[in-house]
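What you see is a predicted model; the values in this text were computed from it and never measured. Counting begins at 1 with the first residue of the sequence. Excluded from the calculations below are hydrogen atoms, water molecules and symmetry mates; all remaining heavy atoms, backbone and side chain alike, are included.
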Amino acid sequence: MKITERMVRFALCMMIALSFYLSYLIWWSPATKTTLVNEVESESQAELNVKEASEIFLPLRLTRIEKETIAETNTESLIKKFQTNIADAQFETAYSKTYDSVDDFIAQTQLDEGVELVYAAAFPIQSYLDTFHVTIPMPDEMKAETGFLRIQIDFNKEKIRFLNRNKLTVLEANVVTGMNEFKHTIKNNAAVWIDVFRDPQYSLYQYYTNEPITLKMYSYISSTRPYTVFRDSFFSNPKNVRSNDGTANLNFYDGTESMTIQQEQQQIDFRSVIRTDSQFDSYAKSYDYIRGLGTNYGSLRLFDQTKNTSDYRIFVEGFPVFSDKAEGKMTVRFSENGQVNQKNIEIKANLNTIQVPIPSDREVTLPASYDVVQNLYAHGAQYDKLEMILIGYGWKNIQDTGVVDLEPNWYIQYDNTWYSYAQLLTHLAESGEKNGF
């Protein structure tokens, strides 16, 4: 009994000592406590600030079609709502078809009543399904091979279609449930709509405005984001990054990852080597790098993609922002490096962005897009090179004020390059192009 009692007393003494020690750590070691709390709060804040893929890869605009009455909107809240409706709907197994001629493709995809959602570049169906949590049964090879530029919800035939006019392909599925929600969302919303119409003589895929459009100008206080925002988002292990600022530029590096900041131009150039597989998706991989920017870089969204380069831009009121100095723009480029299952990645960005809006009552009236296109053709624009026309906001720095004016304008995708209306007229004059019209 005495041995047992001694063991019990010893155990009690050890528990009391441990209790005092733990109390010390909790109450008498504020530095440790603060560090732990700060780390937890920092990680939680970083997660909260992460931007969802469904915001970054939102379609550019939505078109409502009721026979000959057609209207378009860039209202992000409505596009998001409609995407939620698609995610909540149920569909039969999808099937795909490739047409032999443009005429057959158009005849089968002509929409008399329904909705269209538009991208500027082909978006992979697998990325779309994953990003917006949409479930459409289809074979895995169809998911891997299908890319689309336009989504149709056909109200009359109760179908969803994913169209790629470049390849004349259509992926289609019957809608089992959800049609009522689609129609209700389109009829009951507070979106800003612009009336448009079709003219097959100029384009079978573009809708035009027939009247001038008056839009607000916007002014913002500009902001230079700290380089740490990009360092922490781009590097795999930001805490391990080393720096070298012995030159006019700032240089950061860790293994195969490096980032150069040209301080005078406020430009960022990040480079690395990444591992890939047979299912490599440039959209998903680029999202891994830019997701950490969160709201630190404004309303950043995918705008376009050319070959292996994705173009992300700040959007204002649902419209993309254009700048001659790449402000508010980020490009992500992938290239081969000669190694199996590896690619090079290069990200270019600008430290400058817009932050605080300044109230303004100024407005700008744009000519009808139909008149713009007619004038471009009159100045020699080639029919097959003019791919898309849309409204964007041009970035203009007001010297020595820290203020940025955003002015609406027509922007045209011509021969895989985006121009403002005035820039394209100048380009056509300098190139001497003639279309034979």
Side-chain angles (χ1 to χ4, degrees), residues 59-72 82-83 86 89 91-129 134 136-139 141-175 179 182 196-208 283 304-307 369-370 373 376-377 381-390 412-416 435-437:
L60 295 180
R61 63 189 178 212
L62 184 150
T63 306
R64 178 187 64 200
I65 301 167
E66 298 174 354
K67 296 183 178 180
E68 297 304 316
T69 302
I70 309 173
E72 290 184 339
F82 206 83
Q83 284 291 172
I86 295 176
F91 306 92
E92 293 182 357
T93 300
Y95 54 93
S96 64
K97 185 173 182 179
T98 300
Y99 292 91
D100 295 327
S101 69
V102 173
D103 291 339
D104 288 342
F105 176 80
I106 293 168
Q108 295 301 316
T109 59
Q110 183 74 37
L111 195 61
D112 292 325
E113 185 175 1
V115 173
E116 292 185 342
L117 297 159
V118 178
Y119 285 96
F123 197 71
I125 187 67
Q126 181 68 73
S127 295
Y128 176 80
L129 299 177
V134 175
I136 302 179
M138 68 182 72
E141 59 269 20
M142 191 181 294
K143 293 180 181 179
E145 296 172 1
T146 303
F148 65 93
L149 293 103
R150 191 179 297 259
I151 304 170
Q152 285 185 346
I153 301 293
D154 191 324
F155 287 178
N156 291 335
K157 297 182 179 180
E158 298 191 349
K159 293 179 180 291
I160 185 171
R161 300 189 188 96
F162 297 85
L163 314 180
N164 189 326
R165 67 174 185 268
N166 298 327
K167 296 184 177 181
L168 302 182
T169 59
V170 178
L171 187 152
E172 184 174 278
N174 292 324
V175 180
M179 288 305 304
F182 293 145
V196 293
F197 71 100
R198 300 183 180 110
D199 187 346
Q201 178 183 353
Y202 286 141
S203 176
L204 299 166
Y205 316 109
Q206 177 76 46
Y207 300 105
Y208 301 101
Y283 292 109
D304 195 7
Q305 186 191 54
T306 303
K307 295 182 179 179
S369 63
Y370 190 68
V373 171
L376 290 172
Y377 286 138
Q382 303 291 317
Y383 173 82
D384 58 346
K385 291 183 179 180
L386 205 159
E387 301 168 62
M388 181 178 284
I389 180 170
L390 51 72
I412 301 97
Q413 185 185 31
Y414 185 79
D415 198 18
N416 292 322
N435 55 28
F437 282 11

Taking atom [atom1] of [X] and atom [atom2] of [Y], what is their separation to the nearest 0.5 Å?
{"X": "E158", "Y": "M179", "atom1": "CD", "atom2": "CE", "value": "5.0 Å"}
{"X": "L171", "Y": "T146", "atom1": "CG", "atom2": "OG1", "value": "5.0 Å"}
{"X": "D304", "Y": "E387", "atom1": "CG", "atom2": "CD", "value": "8.5 Å"}
{"X": "I153", "Y": "I86", "atom1": "CD1", "atom2": "CD1", "value": "4.5 Å"}
{"X": "N174", "Y": "F91", "atom1": "CG", "atom2": "CZ", "value": "10.5 Å"}
{"X": "T306", "Y": "Q413", "atom1": "OG1", "atom2": "CD", "value": "6.5 Å"}

- Task: Give the intermediate values and the outcome of side-chain contact (heavy atoms from CB on, under 4.5 Å) for residues L163 and F105.
- Result: CA-CA 9 Å; L163 314 180; F105 176 80; 4.1 Å; yes
Query raised in the report: Step by step, would you call Q108 with E172 a side-chain contact (heavy atoms from CB on, under 4.5 Å)?
Result: CA-CA 11 Å; Q108 295 301 316; E172 184 174 278; over 6 Å; no
Applied to residues 111-128, the salt bridge (charged side-chain N to carboxylate O under 4.0 Å, His left out) test, sequence neighbours excluded, yields E116-R150
* For Y99 and I106, what are the C-alpha separation, side-chain angles and deciding distance, and is it a side-chain contact (heavy atoms from CB on, under 4.5 Å)? -> CA-CA 9 Å; Y99 292 91; I106 293 168; over 6 Å; no
* Full working for side-chain contact (heavy atoms from CB on, under 4.5 Å) between L117 and Q83 -> CA-CA 9 Å; L117 297 159; Q83 284 291 172; 3.8 Å; yes
Shortest non-hydrogen contact between [X] and [Y], atoms and distance:
{"X": "I65", "Y": "L111", "value": "CG2-O, 3.5 Å"}
{"X": "L386", "Y": "Y377", "value": "CB-OH, 4.1 Å"}
{"X": "A94", "Y": "P139", "value": "O-CD, 4.5 Å"}
{"X": "R61", "Y": "I389", "value": "NH1-O, 3.6 Å"}
{"X": "N164", "Y": "A122", "value": "ND2-CB, 4.2 Å"}
{"X": "I151", "Y": "F148", "value": "CG1-CE1, 3.4 Å"}

Any side-chain heavy-atom pair from L149 and Y205 closer than 4.5 angstrom?
->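 In short, these two side chains do not touch, never coming nearer than 4.5 Å.
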Original post:
Are the side chains of F162 and I125 in touch, meaning some heavy atoms are under 4.5 Å apart?
Top reply: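 Result yes, sub-4.5 Å side-chain heavy-atom pair found.
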Looking at K385, I want to see if its NZ is surrounded by more than 12 non-hydrogen atoms of other residues, nucleotides or ligands under 6.0 Å.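 Atom NZ in K385 is packed in, count exceeds 12.
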Geometric class of the Y208/F197 ring pair [parallel <30°, tilted 30-60°, perpendicular >60°]: tilted
- Message: Less than 3.5 Å apart, any donor N or O on the side chain of D199 or Y370 sitting next to an acceptor on the other?
- Response: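 Indeed, the side chains of D199 and Y370 share at least one donor-acceptor pair under 3.5 Å.
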Between Q126 and Y283, is there a side-chain donor-acceptor contact under 3.5 Å, judged purely by atom types and distance?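 No pair is found: no donor N or O on one side chain lies under 3.5 Å from an acceptor on the other.
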| message | Between E72 and V196 (side chain of the first, backbone of the second, donor and acceptor by atom type, cut-off under 3.5 Å), is there such a pair? | response |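 Looks like no, no N/O pair under 3.5 Å.
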